[in-house]
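Below is one structure, written out as structure tokens, with a few remarks after it.
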Amino acid sequence: MFADKDAIGSEFKKILGSDVEISTGLASIKTLYNILNRSTATTAKELSEELRAAAEALEETDYSSTSIRSACELFTRFISLAPADLLDDKDFTTVLNFYRSRGDLFIERIAKSRTLISDCCRPFFKNNSNILTHSYSKVVLKTLLDAREAGIWFHVYVTESQPDSSGRKMLLALREKGIHSTLVLDAAVGYVMERMDMCFLGAEGVMETGGIINKIGTLNLAVCAKYMNKPVYVMAESIKFVKEYPLNQADIPADFKYSSTAIKSKDLQAEHPQVDYTPPQFITLIFTDLGIMTPAAVGEELIKLYT
Amino acid sequence: MTRKKTIEKKAQTVPSDEPTNNEAVASEPSSSTPNEPEATEQVSELVNGVTNLSMTDKERGEMDRQTKSKEQIKAEREAKKAEKANKKANATSKVVASPAPQIQQHAPQIPNGQTLLSTTQVSKLENKKDVTQKPPSPEPKSAIKKDTARGNREVQFDLNTTVLRTPSEETISDLPKMCERGQVADVDDLCEEFLGAFIKFISDWGAERLHNSDADPTALGFDLDLAIRPQLGYLTEDGRWPLPYALGNLVRQLKREIKRLDEPCKHAHTKEDGTVAAELPGGCDKLKELEEWLEEARYSCFELATNSISTHLMQKRKFSKKIVTFDWCRVVNRILLDSLVGEDPDLKHIVVLDQQLNGRGVRHMDTLLDKNVKLDYGDLRSLSVALHKCSIVLIGCSAVLSNGCVAVPKGSLSIALSAQANNIPFMVCAQTFKFVDKVQTYGRMALLGRENMELVPSSLITAIVTDIRIVPPSSAPAILKAKALESQN
């Protein structure tokens with residue numbers, strides 16, 4: 001029988017709490033992997049239903065639905081890429097063991113993704129440069145820390161990122177490692193942009209268009225940067241590739257914009273969105289564990305992943 | 001004294017320039033305009049009751065005319081405007097000419113006066129106009145009330161027509177005639193008719209071959225290829241007029257399948273004496289496979305693809321309150337009809353634009369008029385109004401090139417530019433068989449009225465909705481690769 005939704009939610013939060021560095025996507029994959037290990041399914045369909053129900057339970061937590069949905073979908077697709085003769089095997093435990101081994105491989109690969117992204121990004125750093133970043137992104141933080149360790153000197157400007165001031169968290173983490181950084185108001189992005197050399201952004205989800213969904217305020221930064229001809233580099237793991245095609249801000253799915261609590265309880269007309277959509281024309285390059293790609297190449301990657 | 005002199009001067013000049021037609025009447029105000037300050041002084045004095053002027057009745061009439069000049073000027077200007085509007089409408093519009101009563105409605109209210117046209121002269125003029133004008137044609141059946149205030153912008157709809165196609169029994173060589181007769185409206189219809197005609201051709205050709213004992217069963221594909229060449233040569237006039245892109249794609253895939261007919265038969269079996277059993281004489285099994293492939297292609301490229309495209313766009317349904325479309329595309333028509341299913345659909349307003357009134361876009365109106373949705377129809381001149389508060393612009397296409405550009409009916413480029421300027425998503429519907437491995441258009445094209453297509457650059461397109469998924473225009477090569485891999489399998 002399927003596990004209780006609350007139990008799945010609390011297991012997910014426990015994994016997130018146990019490792020500060022772990023991303024939401026990886027935590028959701030590990031939760032699904034634990035469910036896979038405990039599963040007593042006897043058919044492939046039953047297993048996929050079980051995993052789908054678990055993914056829905058994870059989306060109902062107040063964490064980033066974008067990252068959770070994309071990670072769960074990609075995990076399910078990856079593990080089920082089995083040879084046809086294996087799927088025909090009458091003993092489903094053989095199939096389950098195969099899925100578990102694929103799950104191990106997937107988690108091992110994803111755990112290295114931040115390091116791969118950081119390595120891809122290293123050549124783009126220049127000494128004595130000014131870098132603007134938005135809110136708190138673990139991928140961007142790791143990239144900046146690795147570059148500093150490699151001996152590159154730069155100054156980071158971090159936006160405050162209201163309403164939760166998550167930019168302050170980023171500022172503290174940077175200063176702890178001795179990186180010169182300054183906190184700027186969200187409204188001061190246009191003011192500081194002229195002195196920046198490049199902008200680094202994380203992403204909660206990379207869309208089929210090649211655009212990204214990220215913390216509210218990202219679009220403002222990207223538009224300013226485009227106007228002033230500053231490159232905008234996005235860092236995102238491949239598990240954040242989402243099978244959605246927003247046409248504009250109004251077309252972002254509601255469960256991406258608002259927390260699940262807000263969706264259930266409040267009138268969304270009065271609720272501020274937590275994220276915005278940055279179209280691909282404002283992004284210069286996207287750094288992923290699959291390599292460096294232009295926004296246009298994302299669509300092709302997604303076709304490869306999902307067909 | 002000076003005042004008397006000026007007034008007398010005016011009184012003297014006017015009789016000599018006594019107008020006998022409207023032009024003279026029109027010139028009067030312009031001659032008076034430089035002296036307007038003096039004229040107003042004179043008028044005010046007249047109004048104040050300066051009656052010690054010795055004037056004849058004629059002169060008094062002239063004075064009355066001057067006092068009324070402002071009203072007259074206004075009336076004459078209105079009359080000129082109305083005349084110009086009528087002339088324009090009669091010259092440019094192809095719809096039914098406005099009937100005679102409209103002229104009377106817009107006729108200037110010329111005050112009765114000696115120097116002005118009398119009512120008899122006005123009626124004579126009107127009679128002349130009536131004579132020179134064509135008699136009004138009988139009132140057509142129209143679902144729209146005549147807007148007599150605006151004039152003669154009338155569009156003829158026929159609610160009895162349907163856009164449901166029943167497959168016809170025509171042959172390949174009949175396709176050009178069908179295009180000329182208007183039985184084939186667009187590339188989708190053309191490709192479907194071609195596949196149907198080719199299926200018929202194969203069954204007839206196969207039956208003939210069956211009776212031909214000299215036919216070599218191992219050269220089935222070669223013989224079929226030879227048989228089809230004159231048919232295709234007729235369509236393209238021996239290569240002078242290239243086929244439309246999507247049809248060219250289908251023909252290429254078809255030729256590939258025909259080549260495969262000469263590959264060793266999978267169903268052949270060895271006999272006891274070691275010889276390979278020949279398949280049925282004339283290769284009927286392979287021909288049947290080819291027919292099945294064609295039927296499957298016809299189903300998957302049209303019915304199935306349209307369903308998939310409509311399903312993909314249903315995800316955008318909540319966001320699409322007002323859709324603007326251009327020209328006719330049956331995939332877009334199907335999407336609009338599917339969006340209107342239910343008691344309270346999200347889609348509230350549809351605007352259909354055409355290159356000119358009574359164009360192919362009227363076919364949309366025929367299917368949508370009885371649905372519970374606000375429906376507008378217009379030509380490209382009403383583009384700015386149409387795009388006001390528009391959610392998305394949705395059009396069909398005849399081909400998608402590998403650089404992401406899209407071949408669309410003429411006029412779509414202006415809509416794409418306007419949509420971009422207004423931040424409105426511009427979406428194109430295209431089945432995957434329309435993706436072609438080309439980066440340039442031909443200057444000329446066979447069939448479909450030999451009408452050349454317009455290219456919309458990929459930078460103006462927000463998304464291309466295909467039967468696989470919604471893709472950005474830059475993913476056109478990926479779609480081509482995916483389709484090539486599919487066909488290899």
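Treat the numbers as computed from the prediction; the structure is a model and nothing was measured. Note on naming: letters A, B, ... go to the chains in the order of the sequence lines (proteins, then strands), and numbering restarts at 1 for each one.
Within a 6.0 Å sphere centred on CG of B:Asn307, other residues, nucleotides and ligands contribute more than 12 heavy atoms. With a 6.0 Å radius and a threshold of 12 heavy atoms from other residues, nucleotides or ligands, A:Gln249 has its CD atom above the threshold.
Among all heavy-atom pairs drawn from A:Ala296 and B:Ser474, the shortest one is CB-OG, 3.4 Å. Residues B:Lys316 and A:Asp251 share a closest heavy-atom pair of NZ-OD2, 2.8 Å.
For residues 456-466 of chain B, the interface with chain A (any heavy-atom pair closer than 4.5 Å) comprises B:Thr462, B:Ala463, sorted by residue number.
Using a 4.5 Å heavy-atom threshold, the side chains of B:His312 and A:Tyr245 count as separate.
Atom-to-atom distance recorded for A:Leu247:CG and B:Ile470:CD1 is 7.0 Å, nearest 0.5 angstrom.
Neither the backbone nor the side chain of A:Pro280 comes within contact range of chain B; no heavy atom of the residue lies under 4.5 Å from a heavy atom of that chain.
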